[in-house]
Amino acid sequence: MPSYPCAVNEETTPDVDDLPEQMRIRREKRERMLAAGVSPYPVEVPRTHSLAEVRAAYSDLPADTATGDKVSVVGRVMFLRNTGKLCFATLREGDGTELQAMLSLNNVGEDALSAWKADVDLGDHVFVTGEVITSRRGELSVLADEWGMAAKSLRPLPVAHKPLGEETRIRQRYVDLIVRPEARETVRVRSAVVRSLRESFHARGFLEVETPMLQTLHGGASARPFVTHSNAMSMDLYLRIAPELFLKRCVVGGIDKVFEINRNFRNEGSDSSHSPEFAMLEFYEAFATYDTNAAMTRELIQEAARSVFGGEVVTLDDGSEYDLSGEWTTLTMYGSLSEALEAEVTPETGVDELRKHAAAVGLEHDPALGHGKLVEELWEHLVGDHLHAPTFVRDFPVETSPLTREHRSKPGVAEKWDLYVRGFELATGYSELVDPVEERRRLTEQGRRAASGDDEAMRLDEDFLRALEYGMPPSGGVGMGIDRLLMALTGLGIRETILFPLVRPE
RNA sequence: GGGCCGUUAGCUCAAUUGGUAGAGCUGCGGACUUUUAAUCCGUAGGUUCUGGGUUCGAGCCCCAGGCGGCCCA
């Protein structure tokens, strides 16, 4: 093999002799076509109709019909049956529509037929020009006068009738999309859900904005950030963990109804419901409260279910039904925890007593946890993990909700709710804290925690406080994970709802 | 971070007690002008994830590592 000192990369130009037989043979077919003066990758191919258009135009032909109509169609070869003088191929196009091509010795001639048998593999894109007919078995087909390669595939497709391994599905989503209709359907559903959300917001007079992903200070949530570096500014930057503080700046500025659908990044592990990068919806509305925005959140989800699935009872991946219709259950955190413990727990309950409860129910916990965190962990353990039907849980401990307004009448709790669906947290909503002095006090406390090593604590954001000092109207805000909304509506794991989840390189 | 399980042909998977690494589909050659996961005949395809070790002999046992999954924190 000749040596090319600069340009050759072993990864991208493997020695052909070292390839598995099936890949070597496909490359040889490509070479053979080139040598014969035929491009395996033409810039343009004849195409008068999509496969779907042909199907639509000839939906009810009886078997063994010749229409006399000529079309040119293109598709990926998903099925091949070559016999001596008659070849069949099933072509498929992007939306999954399939149409059969037939090549008969009488119509295409001996050279074209033998070229077809020699050059075409499963997975190739080909075009066929010919008459629309139905086969003796009634299959709608194009009977070729001519055929040609549209794009040669150099890799064999996985076996069509065995499920692809999970790792390959994720690492090579393009293959998953080719062979598994459900993978394409998930993409379609996700797009439709996001579209429905946007339409619901537009119908209510909300404006969509895009706020910084690169931030000099991360805030708006409790999570570890990814750190990156700006060469031009000679400073480290954070990938955002939430858009909250910028969306509130919008509300201060008079964008009274505002939403953003975009990516957040959290420097944490991944599992069946977490991903380091995930799509998030946040919306803020002046003069809303955690009561009104809970109702709106329910409407957004129900509208998405209706527009995408045609109803508010959805069918999940495992075949079970999930009912999102009507009003949803509402609990309070302290009330439902007290009920589960069969003992009164209030914001005044001491840490020692909470620890006894934790020990009694077998919940291991960090001894450094304060009242708020302990209450939340007990609640998740005893109540949250067991919630199946859509449920709002309200009135969280104040100390773990630094951006939330204290309850108007109940001391020690915040006007905050979490929405649980099928046992996981789907969304959270607040009556927003807008008092700049109280906000500064809470963020200063968060800053102290950060300084003492809590790397999930929020940083003091002076510019955000300055914005609040100009006066933010009373407002409600909501955050909802888009990936999790897809999980809720379909029953899929998060790595199926995300097209290209982060994976370690092979 | 801890524990358990997995990693074998292009794909999906076998391989008994440590004793020649197999099947189906796919591929290649052949027959077939109505197939639909066709059928029939023939045939090819392996760094058993990587590196060490034990052994006459390792896919299998031991050690370290990679990647993945599940459970826990």
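Sequence lines set the chain letters: A, B, ... in the order given, protein chains first and strands last, and positions in each chain run from 1.
Here A:Glu167 lies in heavy-atom contact (under 4.0 Å) with sugar-phosphate atoms only. Within the nucleic acid shown, A:Arg26 has no heavy atom closer than 4.0 Å to any nucleic acid atom. Among the heavy atoms of the strands lying under 4.0 Å from A:Leu105 is at least one base atom, whether or not backbone atoms are also near. Contact annotation for A:Leu157: no contact, since no heavy-atom pair falls under 4.0 Å across all strands. Across all strands shown, A:Met102 has heavy atoms under 4.0 Å from base atoms, whether or not it also approaches the sugar-phosphate. Counting any heavy atom pair closer than 4.0 Å across all strands shown, A:Lys29 reaches sugar-phosphate atoms only and no base atom.
Counting heavy atoms of neighbouring residues, nucleotides and ligands inside a 6.0 Å radius, atom CD of A:Glu380 exceeds 12 of them. Annotation for A:Arg55: atom CZ counts as buried by contact number, over 12 foreign heavy atoms lying within 6.0 Å. Under a cut-off of 6.0 angstrom, the local environment of CD in A:Glu110 is sparse, with at most 12 non-hydrogen atoms contributed by other residues, nucleotides or ligands. Surrounding CZ of A:Arg92 are more than 12 heavy atoms belonging to other residues, nucleotides or ligands, all under 6.0 Å away.
Base pairing annotation: B:G27 forms a Watson-Crick or G-U wobble pair with B:U43, both donor-acceptor distances under 3.5 Å. Under the Watson-Crick or G-U wobble criterion, with both distances below 3.5 Å, B:G22 is paired with B:C13. Here B:U33 sits opposite no nucleotide as a Watson-Crick or G-U wobble pair (both hydrogen-bonding atom distances under 3.5 Å). As the counterpart of B:G57, no nucleotide is assigned, since no Watson-Crick or G-U wobble pattern has both distances under 3.5 Å. Remark: B:G1 base-pairs with B:C72; criterion is Watson-Crick or G-U wobble with both hydrogen-bond distances under 3.5 Å. Partner assigned to B:G6 is B:C67, using Watson-Crick or G-U wobble distances below 3.5 angstrom.
In this structure, OG1 in A:Thr134 is found 7.5 Å from CG in A:Leu140, a value given to the nearest 0.5 Å. Atom CZ of residue A:Arg484 and atom CG of residue A:Leu419 lie 11.5 Å apart, to the nearest 0.5 angstrom.
If you measure from atom CG of A:Leu363 to atom C1' of B:C72, you get 13 Å, rounded to the nearest angstrom. Straight-line distance from the CD1 atom of A:Ile25 to the C1' atom of B:U26: 11 Å, rounded to whole Å.
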For this session: Give the intermediate values and the outcome of salt bridge (charged side-chain N to carboxylate O under 4.0 Å, His left out) for residues A:Arg47 and A:Glu53.
Result: CA-CA 11 Å; A:Arg47 185 175 192 243; A:Glu53 284 165 350; over 6 Å; no
For this session: Test salt bridge (charged side-chain N to carboxylate O under 4.0 Å, His left out) on A:Arg76 and A:Asp124 and set out the steps.
Result: CA-CA 5 Å; A:Arg76 189 192 285 275; A:Asp124 293 350; over 6 Å; no
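In terms of modelled atom types and a separation under 3.5 Å, the side chain of A:Arg169 and the main chain of A:Leu177 share no donor-acceptor contact.
Comparing B:G68, B:C25, B:U34 by their nearest atom to the side chain of A:Val159 picks out B:C25. Comparing atom distances between the A:Pro156 side chain and each of B:G10, B:C28, B:A38 picks out B:G10 as nearest. Among B:A38, B:G45, B:G10, the nucleotide with an atom closest to any side-chain atom of A:Thr83 is B:A38. For A:Arg136, the listed nucleotide lying nearest its side chain is B:U34; candidates were B:U34, B:G27, B:G10. Nearest nucleotide to the A:Arg137 side chain, out of B:G68, B:U36, B:U33: B:U36.
Of the C1' atoms belonging to B:C11 and B:G27, the separation is 12 Å, rounded to the nearest Å. Here the separation of B:A44 from B:C49, taken at their C1' atoms, is 25 Å to the nearest Å. To the nearest whole angstrom, the two C1' atoms, one in B:U20 and one in B:A73, are 48 Å apart. On the C1' atoms, B:G6 is 23 Å away from B:U17, given to the nearest whole Å. For B:U43 and B:G24, the P atoms lie 13 Å apart once the distance is rounded to whole Å. Between B:C63 and B:G3, the two P atoms lie 13 Å apart (nearest whole Å). Annotation: B:U47 and B:G59 have their P atoms spaced 13 Å apart (nearest Å). B:A21 and B:C13 have their P atoms separated by 23 Å, given to the nearest Å.
Residues of residues 369-377 of chain A that place a heavy atom closer than 4.0 Å to RNA chain B do not occur. Residues from residues 49-77 of chain A that place a heavy atom under 4.0 Å from any atom of RNA chain B: there are none.
In this model, the phosphate group of B:U33 is approached by a side-chain N or O of A:Lys85 to a distance below 4.0 Å at OP1 or OP2. Note on A:Arg81: every side-chain N or O is 4.0 Å or more away from OP1 and OP2 of B:U33. Considering only side-chain N and O atoms, A:Arg504 lies nowhere under 4.0 angstrom from the phosphate OP1 or OP2 of B:G66.
Within the 6.0 Å centre-distance limit, the rings of A:Trp379 and A:Tyr420 are counted as a close aromatic pair.
Place A:Ala89 and A:Val503 on RNA chain B by their nearest nucleotides, and A:Ala89 ends up nearer the 5' end.
Classification of the A:Phe265-A:Phe226 ring pair by plane angle, with boundaries at 30° and 60°, yields perpendicular.
Taking only distance into account, the side chain of A:Ser141 never meets the base of B:U34 through a donor-acceptor pair shorter than 3.5 Å. With hydrogens and angles left out, the side chain of A:Gln100 and the base of B:U35 share a donor-acceptor pair within 3.5 Å.
A cation-pi arrangement is absent between A:Lys416 and A:Tyr430, since the terminal nitrogen or guanidinium carbon is not both under 6.0 Å from the aromatic centre and inside a 45° cone about the axis.
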